[in-house]
Number of protein chains: 2
Amino acid sequence: MNPERRPWVVGFSKGSTEMRALLGNKGANLAEMTQVLGPDRVPGGFTITTAACVRYQEGEGEMPQGLEGQIRDALTLLEEESGKRLGDPDDPLLVSVRSGAPVSMPGMLDTVLNLGLNGRSVEGLARQTGDAHLAWDSRRRLIQMFAEVVRGVSAMSFEEALIAARNESGVEIDSQLDEAALRKLVTRYLEIFERHTGEPFPDDPFSQLIQSVRAVFDSWENDRAITYRRLNGIPDALGTAVTVQRMVFGNMGERSGSGVAFTRDPTTAAPIPVGDFLLNAQGEDVVAGIRNTEDLDDLQRRMPDMHAELIDSLTRLEAHYRDIQDIEFTIEDGRLYILQTRGAKRHARAAVQFATDAVREGLLSRDHALRTIRPGTLTALLHPAFAPNAEFEELTRGVPASPGAAAGVIALTAQAAQQRAAEGEDSILVRSFTSADDVAGFHAARGVLTAQGGKSSHAAIVARGMGRPCVVGASEVKVDPDRGTVTIGSRQMREGDRIAIDGLTGVVTADEVELVRPEIDDAFNEVLGWADEIRTLGVRANADTAEDARHAIDMGAEGIGLCRTEHMFFGADREELVREMFIAGELARRERQHADGGESGPLEGEFAEGLNRLGEIQREDFRDLLEVMKGLPVTIRLLDPPLHEFIPVSGFERELSEARERGDKAGAGRASVRLSVARDLEEVNPMLGSRGARLGILLRGLYEMQTRAIVEAALDVAAKTGTVPRVEIMLPLIAFESELELLREGVDRTITEVLRGAGAEMEVPVGTMIELPRACLVAEQIAEKADFFSFGTNDLTQTALGLSRDDAERVFLPEYLSRGLLPTSPFETIDIDGVGALVRIAAEKGRATKPGLPLGVCGEHGGDPASVEFFHAAGLDYVSCSPYRIPVARVAAARAALD
Amino acid sequence: MNPERRPWVVGFSKGSTEMRALLGNKGANLAEMTQVLGPDRVPGGFTITTAACVRYQEGEGEMPQGLEGQIRDALTLLEEESGKRLGDPDDPLLVSVRSGAPVSMPGMLDTVLNLGLNGRSVEGLARQTGDAHLAWDSRRRLIQMFAEVVRGVSAMSFEEALIAARNESGVEIDSQLDEAALRKLVTRYLEIFERHTGEPFPDDPFSQLIQSVRAVFDSWENDRAITYRRLNGIPDALGTAVTVQRMVFGNMGERSGSGVAFTRDPTTAAPIPVGDFLLNAQGEDVVAGIRNTEDLDDLQRRMPDMHAELIDSLTRLEAHYRDIQDIEFTIEDGRLYILQTRGAKRHARAAVQFATDAVREGLLSRDHALRTIRPGTLTALLHPAFAPNAEFEELTRGVPASPGAAAGVIALTAQAAQQRAAEGEDSILVRSFTSADDVAGFHAARGVLTAQGGKSSHAAIVARGMGRPCVVGASEVKVDPDRGTVTIGSRQMREGDRIAIDGLTGVVTADEVELVRPEIDDAFNEVLGWADEIRTLGVRANADTAEDARHAIDMGAEGIGLCRTEHMFFGADREELVREMFIAGELARRERQHADGGESGPLEGEFAEGLNRLGEIQREDFRDLLEVMKGLPVTIRLLDPPLHEFIPVSGFERELSEARERGDKAGAGRASVRLSVARDLEEVNPMLGSRGARLGILLRGLYEMQTRAIVEAALDVAAKTGTVPRVEIMLPLIAFESELELLREGVDRTITEVLRGAGAEMEVPVGTMIELPRACLVAEQIAEKADFFSFGTNDLTQTALGLSRDDAERVFLPEYLSRGLLPTSPFETIDIDGVGALVRIAAEKGRATKPGLPLGVCGEHGGDPASVEFFHAAGLDYVSCSPYRIPVARVAAARAALD
């Protein structure tokens, strides 16, 4: 088509939602609504296409040939339909000119209202509306807006003139200016305009219109818009459309008004329209909330015909868009206009209810209904909450980090929390920040509150993993563990005082608040049932204990994708045993290395003995867990944390100084050797140090002990229940295929030994975490030795991005997010371009070696809807996440399958 | 071919080196040598092919059909050629049976010697050799070796019998046993054999031979061999060949002897054969060094005909193999046999000399001559060394970490070293281990000695980078900085005492040793000249100062690929300024973030002032450096280290306690605020923390200051010298394209400002380090904003492998290397499968965006020959390494181009 013959302009009656690329969001939506409700119900107008904008940019600011003529034609049509004319001194047509890009760029592009008002038509508007104040105020606003947007005049001079006018009139707010004052002010404004631009304000309405269109085109290239596009990855070549629409007025008397309405209640999804309405008012008055609004019943009482038409429109819109609609309407002198409709934001409860209702009503298919639910919001339904009507004083508000509410006495250390738990008392662990040492406290406490950290701080992640409510970064909280005090703002509290936190809102209070624990209701269950039928991605849980496992099953887990064994080492009753064992193991290792270069050496006495004792304990733990899981798959990860976490310097420092105080020379000597080992093991970068598989390699016998405990526990459960558990053993932090080969040899040998000893048979797949970039890049080699892969996307993110989570979140990640360098934290939603690329590489290479290789994910990302969508697309078999997020993952996986 | 008709056996006269896959290394080499020297000069024999071994394994231990017959035929031929017969009671043929895989597997497979000796032929051997002791000792050894290798009998019983025999004879060593004792011992051995195997020792020589061949085949599948293959990636399917060769005896009287010889002197390459010789002796006596050997002149004197034949053989072998040969020879009763030839190991000096000589002689082409040099050895020619004839007491020997020798007084701290330097005194920095705080001490000292750490510890890497001689991991060295003492073994020394170290050997001494500084001699220069003509990879230097740069140019650098600016911040005179500046910057940042979310804010007073002052200093540093580089490219990396390194906690702790002691309340308050900032900035994983580009983003104005200093310095130099410097600015640790975009904007703006202010024009490319896996994976996006890439393979290795260098080297890397889990440290030679894959991905993606994008490497790997070879293959443009390794890199790059 010859570009000069292009239809640069499309009337509302000719477009539809599908034409978004050409008409922009706004233009396309108005056109679609016009089709649905008919031309009488939507103020008329037309859209100048993005193609015209692109052509304008290419032409370096020259209007595309033919465009002005087409605008004039469209305007003529609009005048005919509305029975009004632009600039008419009696009954003028006013129009708005708005930008509308094909993708949302809120606030980035320009708008001009009240176009068509000039020295004559303003009088006509005053007469028509009977509101001279409105007419002159509109004229005043047009001049300023036009000056700013179209001519780039600073707002300053206009604001000064406005202030002067208020002072002259002795009033305090603009709306108190009377007609005379406004007339005078308009004159001042016209002078200002001319002084700054060197030209008089254009009285010709068409010229106003054309200049405004150019200004919107130009706004596509302003710095703000360019930056926004860059940060959001929006192509520069899209261009913006310009929508010209007749303006209607809700303030033309007692048969006029404005309001907003929902087709159903957005909190409950009850199928009755609700809304707010103001008589004789413009839309902005409704939003501003200055006057008390009326509800739709009031509207029915005042204008039953209008109400009936509104309900009719709402019904038609919901039926058309197949979703709860949130609309704006204006009644102009007894005629109803719908200005906008969009999908209503709703509470999770309403989303679930609507989905099931809509299917029952035949409004939506099950698939379509699922699409109306945003999975991320569902967590709101899964945690205890402050009772809806509870009243309390908010002491402070931190960052909501793990949803749910909790109450208990303040515990300032993990030990204190454990002691309270032992005494049967609920506690909240309150700390400046947390580290691995505090993990036992997370278990023992009902919730966690920290003064520092963000949504992916240690506290936040561990708490979410355990489903403990958690508020972090509550900077007004000052903790003094030495004195046993907590100060929140001006309030002084002591360890043992009661507080409550809400991890969904970040609220902290010292008042007694009733907590309610929502259950998965019928509607939610129905939705989850659909999800399970639709999704192809499996959903497992990260669960370390039988209690976690029970919860996971309640939430619908199909297995355990990650059972961390380190928590079993950190229990208070085992601390001493574990410490002694690791010291012995490390000392033995050193001896061996000095003796023969590490080529051989028996499993040394003290270490072996410690391993055996711990093995017995672990066997019991595993037994409980496997029994609960009733033959569902359970993936158990062998020990992972840095060696030094088990041999803390602080412990031996205390031991040494105590021995010295006692005058116990032998004890001091012993403590001092151990302190020196502990100090040697302290690491510069523990994240990249002696952990994971490296631990298994350094301390021979460790993984064999764990393997033995696992297989023996499985045999115990099989014997007791008659159901054979499906255990899978997983090796962490593999970088080199040789590590996996070496460790797997020991694991396989142990499995065979135990089974042979028991005369039993059992399949025990042995797989590996994929959590280092190298592992992804050599996945074809690693797959040869692995029965499955499980992506540890937390560590993969840390290494691929070179970001220590703990450090990044304290210092530079907040700065990156606030400055728009990153759209979201890569620890919340997977970084698809980087970490995601590694996942895809590993999946492809792994399956090149073993076509059916099972692939899972067991990082925090497994419960994040956007990440789940990626994992589905990458062809993974399952995600594993904390029990609390399983319903979210189920729905997210279903949506991914639908997309 | 029907497998049964296969030629399973190949005689020496029919094979060649190219048949290595079929004949194994040993068989192929003997065959080749037989072609070169003729069948009379090499003891005859034949090789049973790897194909036979593979077939044997497939047949689960059944001998391939036809094999025995072929062996018998080959043996008959050998008997005819040698005029001796296997098992002949008068003049028996003895043969060896040796394994020989196609790739070297030293010590992994089995060998049997003296086959053919039985109760009768032993007497014949005794008569022929006139040495009954030899004959009976050979028989004894055969029985034991056969029992162990072929029948798996433990050595224990034989050793016990041997000890008993010694005791009976009242002698102390085996060779003192007389014939009678040996005859008795053989009888005992035969009894032991029969007792353990249930069968008599096989007297049939052919049966001995066939059983031995089977044993060698079986040894391919022993555990040791399997493990070795697994660790070295050798396919199981290769199989081993078996070489059967006539044994010759150098101890058959005064016309017999054994020796080793080189075609040229392996220390100097002087073109005269040299060697060691023993009359009437076997080869092992020469190696054992029990008797004093004679040289080739002595051989000439004793047996001029044999000497002439030997020289003739040496000449032919060198001409054939075109390299210095290292041979073993035996003279059996007036007949010369060459047993083995191989390329001679040689000192770097000889390697270089030979290469140039060989080209001059027409023996080798230039390309071929270059191939005879192992680039890694060349460092020996580039550093000061202990004078060759120096005598001294070796106090201890550590790990040689950075080549060269150095002497000076002991300095226990960086400060002490700096003070000595200021006083014009040479010092050696002696520490338990080093960290970033010690770097100033590396500059000031002549060499570094540490008690801990390996070849890629902090000390080793920094020292190599600066070309400082360094010995690490000298575990006998105990440092007590508090007392100012150093104990080495039993020797007590004090700070200020003189020591000397040799970083090439690891030797530490307290004696005065003369140091000599070798220069690049003519031969070396000639070789480097060839290398420069051949190589396509550029070679630049990592150099931070004008002094480094001068050295780099002397070594042949074509530019500077990495100028680190952090050393400019760590200078003693700047410490205070830098610390204050960063504190101010960090406080300003916090203020800004609290005020407005970090969106804007002026560059705050104190920080800006500090930046300006430091900018002036940096400008001078850059000026000196650029002047030295005379228009060659200089890539300057903006500040990289973790923020907290500039704000050390220890400094403020001292300041605080000093202020308190003084009773200075204001000072204490000030110190306490600063201490708290410093503590906040301490990081869990500093490697993954607030460093690199993150620093530039957190502290606004920092990179602009550095950019300004660089461009102003370049303009200064251009004005002064008339040569325009080629500066390139490099941004470190980029993970996200948004970081590069943001920072580049500031850098580009500053460049433009400075140039505009000076009215000058200059190209200043701005590029980025590629040192994070993510950067590699999104290189196509990063390339859009980068004028060049420089791979930081140190950090890329740390992140891709999830290994903290500092931690890995202290604890698990030594264990991994000693247990064969890794072939070499990935910090010495690049991990091609993992890190190398990332480099290839980034190179490909980067050039997809910008086809000519310049790509370099500036990690430690840039000076490692194996890594250089990879970088060449990956299509990079240049490597950059420490000045001392530049000649190595030049030769390595040439070899890579040749391959």
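Chain A is the first sequence line, chain B the second, and so forth, proteins listed ahead of strands; every chain is numbered from 1. Quick caveat, the model's predicted, so the values are computed rather than measured.
With sequence neighbours excluded, no residue forms a side-chain hydrogen bond (donor to acceptor under 3.5 Å, both in side chains) with A:R840. Here A:A842 pairs with A:I770, A:C776, A:A779, A:F791 under the side chain to side chain contact (heavy atoms under 4.5 Å, CB included) rule; sequence neighbours left out.
Ranked by non-hydrogen atom pairs under 4.5 Å with chain A, the options B:A808, B:P686, B:A735 are led by B:P686. Ranked by heavy-atom pairs shorter than 4.5 Å toward chain A, the options B:L733, B:L803, B:V778, B:L681 are led by B:L803. No other option in A:V835, A:T799, A:L643 has as many heavy-atom pairs under 4.5 Å with chain B as A:T799. Interface check for chain B: of the options A:E737, A:E683, A:Q781, the most heavy-atom pairs under 4.5 Å are formed by A:E683.
B:E844 CD: 12 or fewer foreign heavy atoms inside a 6.0 Å radius.
With rounding to the nearest 0.5 angstrom, the CZ atom of A:F736 is 9.0 Å from the CG atom of B:L821. B:L838 CG to A:R774 CZ: the interatomic distance, rounded to the nearest 0.5 Å, is 10.0 Å.
Of all non-hydrogen atoms in A:I697 and B:Y816, the two that sit nearest each other are CD1-OH, 3.3 Å. Across all their heavy atoms, B:S690 and A:F812 have their closest contact at OG-CD2, 3.3 Å. Contact between B:G834 and A:L777 at its shortest, heavy atoms only, is O-CD1, 3.4 Å. Closest non-hydrogen pair, A:L698 versus B:E815, comes out as CD2-OE1, 3.8 Å. Residues A:L772 and B:A800 approach most closely at CB-O, 4.0 Å, considering heavy atoms.
Shown are A:V684, A:D807, A:N685; of these, the side chain to side chain contact (heavy atoms under 4.5 Å, CB included) with B:M687 is made only by A:N685.
Contacts of A:I841 with chain B are made by side-chain atoms alone, with heavy-atom separations under 4.5 Å and no backbone atom involved. In this structure, the portions of A:L801 lying under 4.5 Å from any heavy atom of chain B include both its backbone and its side chain. Of the atoms belonging to B:D795, not a single heavy atom falls under 4.5 Å from chain A. Looking at B:E771, there are no atoms closer than 4.5 Å to chain A (heavy atoms on both sides), in backbone or side chain. Using a 4.5 Å cut-off between heavy atoms, B:Q452 does not touch chain A at all.
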